[in-house]
Amino acid sequence: MSTTASDPLATLGSLPGVPDAVDSVRKAVDRVYGHRVMRRRSNEVTAEAALRGSRGSAALAGADWNLEEVRRRTDFSGEDEARTVGAALRLTAEAGQLLSIWRQSPLRVLARLHLVGAGGAAPDDAVGRPRLAGESVDEPLIEAPLPGADEVAGRLEGLSQLIIAGTAAPALVTAAVVHGELLALRPFGSHNGLVARTAERIVLIGSGLDPKSICPAEVGHAEQGRAAYVAAFEGYTTGTPEGLAAWIAHCGRSVELGVRESTAVCEALQRGAA
């Protein structure tokens, strides 16, 4: 993030195109929350959104399974793709349990997310802590230069302080920055993309934008495709106003596509109840 304002996240909210993206997301979220199915069956919509969000996040991590396979499978051990899907499901389930801790200690939440995601897939002494100097990172989708351990520690602390201090920035902006920073830093030896997308989910829920967690941005990130995801992220890493705005807009579009997915779920539930 290349800004020195007292509330740097808030300043990003005024970048060209960002206010429109924020407004578009807000309207989309309001529409799905106003759907008649949400009055009595919101828990079902939340559960389905969690499943579809997990599938989307796993797809970006290289395990592009169809939804019915994710729904059917009970054993996620064994091959790499199954473990990736299992990690995504565990992280989505964990996200809602960490909201109060996130506001007080984001670094503690990130450590917990890595522990849950890794699930025994990483050496015990590397789980739940930022990587040390010289340690490698397994994150094949992201090829941006890897910051050193000291830079990772400093930027994680800075991000944590911004979250704890609070910001006037729209939820979309904060969620996009948290997501982008974690992808850029890749602070853990593995599962960084899954953790970053889960942290984005936590911000969207905790901010009040999506309190019932029915607008899975992960669905939209996957639907736009891995190439578009990487291209938008590379814009974020430039630190330019144009690059940052493009990344925030990409995240906004992802939320809107998640809204579209859950709206379809609502419509299906309504037809089934008729």
Side-chain angles (χ1 to χ4, degrees), residues 1 53-65 76 79-92 94-95 106-107 109-156 158-160 175-203 217-222 224-239 243 247 250-251 254:
M1 293 173 291
S54 299
R55 193 218 72 82
S57 191
L60 288 172
D64 193 2
W65 290 13
F76 294 97
E79 72 271 24
D80 288 346
E81 286 194 5
R83 289 199 297 270
T84 296
V85 175
L89 288 165
R90 291 193 303 273
L91 284 166
T92 300
E94 189 77 6
L107 298 184
V109 169
L110 294 175
R112 173 64 183 170
L113 291 177
H114 186 244
L115 178 66
V116 169
D124 287 348
D125 64 348
V127 173
R129 64 153 174 81
R131 55 188 167 81
L132 305 176
E135 290 183 334
S136 61
V137 172
D138 179 15
E139 199 66 50
L141 180 61
I142 303 301
E143 298 179 352
L146 192 66
D150 288 344
E151 182 180 350
V152 168
R155 286 172 64 177
L156 278 178
L159 183 64
S160 175
V177 169
V178 167
H179 185 170
E181 276 292 282
L182 293 175
L183 280 185
L185 296 177
R186 282 148 288 163
F188 304 108
S190 63
H191 299 83
N192 289 288
L194 293 173
V195 168
R197 290 184 288 276
T198 305
E200 178 185 46
R201 170 183 283 265
I202 289 172
V203 173
E218 304 97 326
V219 167
H221 288 304
Q224 293 184 84
R226 297 178 85 189
Y229 182 74
V230 171
F233 166 67
E234 288 175 350
Y236 176 86
T237 64
T238 66
W247 170 249
H250 178 89
C251 291
S254 296

How long is the gap from [atom1] on [X] to [atom2] on [Y], to the nearest 0.5 Å?
| X | Y | atom1 | atom2 | answer |
| --- | --- | --- | --- | --- |
| Leu107 | Leu159 | CG | CG | 8.0 Å |
| Ser57 | Leu91 | OG | CG | 7.5 Å |
| Glu234 | Leu183 | CD | CG | 11.5 Å |
| Asn192 | Asp138 | CG | CG | 9.0 Å |

Measuring only between side-chain heavy atoms, which start at C-beta, is [X] closer than 4.5 Å to [Y]?
| X | Y | result |
| --- | --- | --- |
| Leu113 | Phe188 | no |
| Leu156 | Leu110 | yes |
| Val137 | Ser190 | no |
| Arg55 | Leu89 | no |
| His250 | Tyr236 | no |
| His179 | Trp247 | yes |
| Arg201 | Thr92 | yes |
| Val230 | Leu141 | yes |

### Arg129 bridged to Glu135 by N-O distance under 4.0 Å
yes
If I compare all heavy atoms of [X] with all of [Y], which pair ends up nearest, and what's the gap?
| X | Y | answer |
| --- | --- | --- |
| Gly189 | His114 | N-NE2, 4.4 Å |
| Arg226 | Ala61 | NH2-C, 4.4 Å |
| Cys251 | Ala176 | SG-CB, 3.7 Å |
| Arg155 | Pro147 | NH1-CG, 4.4 Å |
| Leu115 | Val127 | CD1-CG1, 3.2 Å |
| Val178 | Ala199 | CG1-CB, 3.7 Å |

### Message
Tell me whether the rings of His221 and Tyr229 are parallel (<30°), tilted (30 to 60°) or perpendicular (>60°).
### Response
perpendicular
### Message
Taking atom CD as the centre, does Glu143 end up with more than 12 heavy-atom neighbours from other residues, nucleotides or ligands that are less than 6.0 angstrom away?
### Response
no
[X] side chain vs [Y] backbone, donor-acceptor pair below 3.5 Å:
| X | Y | answer |
| --- | --- | --- |
| Arg131 | Arg186 | yes |
| Thr238 | Gly235 | yes |
| Thr198 | Leu194 | yes |
| Trp65 | Ala59 | no |
| Arg112 | Glu94 | no |

### Message
Under a 3.5 Å cutoff, is there a donor and acceptor pairing between the side chains of Glu139 and His191?
### Response
no
### Task
Would you check if there is a donor-acceptor pair between the side chains of Gln224 and Ser254 at a distance under 3.5 Å?
yes
